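For ligands, and for the atoms within them, numbers begin at 1 and follow the listed sequence. The structure presented is a predicted model; accordingly, all values stated were derived computationally and were not measured.
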Amino acid sequence: MCGVFGVHSVEREVARLAYFGLFALQHRGQESAGIAVSEGGRVTAVRDMGLVPQVFDEEKLAALPGEVAIGHTRYSTTGGARWSNAQPLVFHGAARTVALAHNGNLVDLGVLRDELLADGVRLDTSSDTEVIAALIAHDPSPLPDAVASAMRRVSGAYSVVAIAEGALVAFRDPLGIRPLSLGRIGDDWVVASETCALDLVGADVVRDVGPGEVLWIDGDGCHAAQAVPRGRSASCIFEHVYFARPDSLLDGTGVHAARVRMGERLAEEAPVEADLVMPIPDSGTPAAIGFAKRSGIPYEEGLIKNRYVGRTFIEPDQALRRQGIKLKFNPLAEIEGRRLAIVDDSIVRGNTMRALVEMLVGSGAAEVHVRISSPPVVSPCFYGIDMADEDELAAAHRSVEEMREHVGATSLHYLSLEGMQWATGLPEDAVCRACFTRSYPTAVPAERVAKHRFEAAALVRGG
Ligand code: SF4
């Protein structure tokens with residue numbers, strides 16, 4: 001999962017807008033951040049490991065003047081936390097220079113890479129982002145045609161912002177798997193992974209970039225073309241469940257409201273006798289609000305989260321590691337002797353939930369009933385979310401009762417697939433739900449599923 005942002009403006013400080021846009025998209029990637037700008041057609045990029053405010057300061061932003069800026073926040077559990085994987089990537093081709101930032105994951109790139117290498121194109125990384133940039137940078141056709149041609153040659157999930165020939169370019173795969181929205185500030189145009197980034201820079205939300213659509217924004221305004229015929233949409237339902245920020249709009253729907261509805265529906269499907277409804281902060285909070293509302297059980301925050309635990313805290317020693325969950329959460333005394341209904345959005349590997357239940361029982365909770373506002377996650381994602389391999393997914397080979405035993409809860413219930421779908425307000429054929437159903441919206445060869453573990457180690461993801 002990554003965040004992308006792009007802005008075209010002659011009047012405004014585009015690098016500063018990109019900085020704030022990325023700041024709003026920090027939840028989509030905390031490993032590295034970068035901004036590329038174009039001034040009079042000359043492209044400059046700054047990218048580094050770390051959070052957005054760690055990578056950029058006043059001095060660096062001041063050194064990035066231009067009329068176009070794109071930015072990227074990267075999250076990756078594979079491909080390593082390396083500077084060379086940070087984006088935007090700048091590619092100098094035979095036809096043009098392209099700066100490009102990508103959210104998603106291309107599938108079956110092997111043949112395409114071989115073709116490019118056979119054509120004498122130099123590829124410095126194993127990144128799928130570089131393949132898209134190379135295709136556009138070497139294509140002598142006019143820019144929109146070069147982008148459309150690249151889109152026809154790749155498959156998988158991609159929401160991309162790019163700079164080429166002084167224009168801001170944005171495009172999205174034909175299924176629209178990862179989000180991408182278009183906004184406007186006065187006469188200027190902004191593109192972002194999520195509408196919360198448009199809000200922060202003062203842009204009005206215009207619409208989503210359509211599946212298979214390419215936009216190119218230059219001094220003459222915003223131009224759009226349907227580059228690849230759109231099939232069925234398959235926007236990622238997990239964005240609604242967990243990834244997206246609650247204050248974003250996805251597919252025209254408010255994320256927070258959808259999560260509250262998931263909790264309400266869960267309370268109808270899996271009622272419980274409990275004294276308190278407690279969220280696992282922050283991911284479970286909206287669904288816990290919905291659960292409490294519908295069940296009539298009082299809502300209380302019983303777990304305090306340390307919000308400053310990032311991915312790179314100092315490794316604790318053995319003794320501390322055993323109670324590692326306390327780095328993140330600490331229970332309040334009020335839970336003692338109470339029957340708790342704890343609500344979270346999903347269980348992926350199950351380790352955190354098991355540790356949490358153990359901690360709550362150890363802190364005196366009389367009963368711990370776990371309610372999950374999505375169905376069991378049973379299959380890996382091939383579209384840019386490195387949630388886990390199948391053999392690491394706790395529910396992939398366990399029944400719900402086995403999962404209850406695994407996490408040590410008094411009871412455990414998941415929201416049904418129908419309930420989750422209903423809460424998004426979207427039709428079934430408009431979303432991808434493959435990690436819950438094993439039914440992928442694109443061809444994913446069986447051997448690729450089997451080889452996922454191997455490939456995950458070898459492939460550098462776009463983010
Ligand atoms: S497999 Fe799951 S996480 Fe991946 S795109 Fe589909 S719904 Fe989203």
- Query: Do side-chain atoms of Arg113 reach the backbone of Asp128 as a donor and acceptor pair under 3.5 angstrom?
  - Reply: no

(message) Please check: side-chain N/O of Thr129 versus main-chain N/O of His102, any donor-acceptor pairing under 3.5 Å?
(response) no

Under 4.0 Å from one or more heavy atoms of Ile177, ligand 1 contributes atoms 5 (S)

Note, atom 2 (Fe) of ligand 1 has protein N, O or S atoms under 2.8 Å numbering 1

- request: May I ask you to decide if the ring planes of Phe91 and His138 are parallel, tilted or perpendicular, using 30° and 60° as cut-offs?
  value: perpendicular

Of Leu303, Val368, Val277, the one forming a side chain to side chain contact (heavy atoms under 4.5 Å, CB included) with Ile342 is Val368

Self-check item: Worked verdict on Phe171 versus Ile132 for side-chain contact (heavy atoms from CB on, under 4.5 Å)
Solution: CA-CA 11 Å; Phe171 52 98; Ile132 312 182; 3.9 Å; yes

Between His72 and Gln87, the two heavy atoms sitting closest are ND1-CB, 3.3 Å

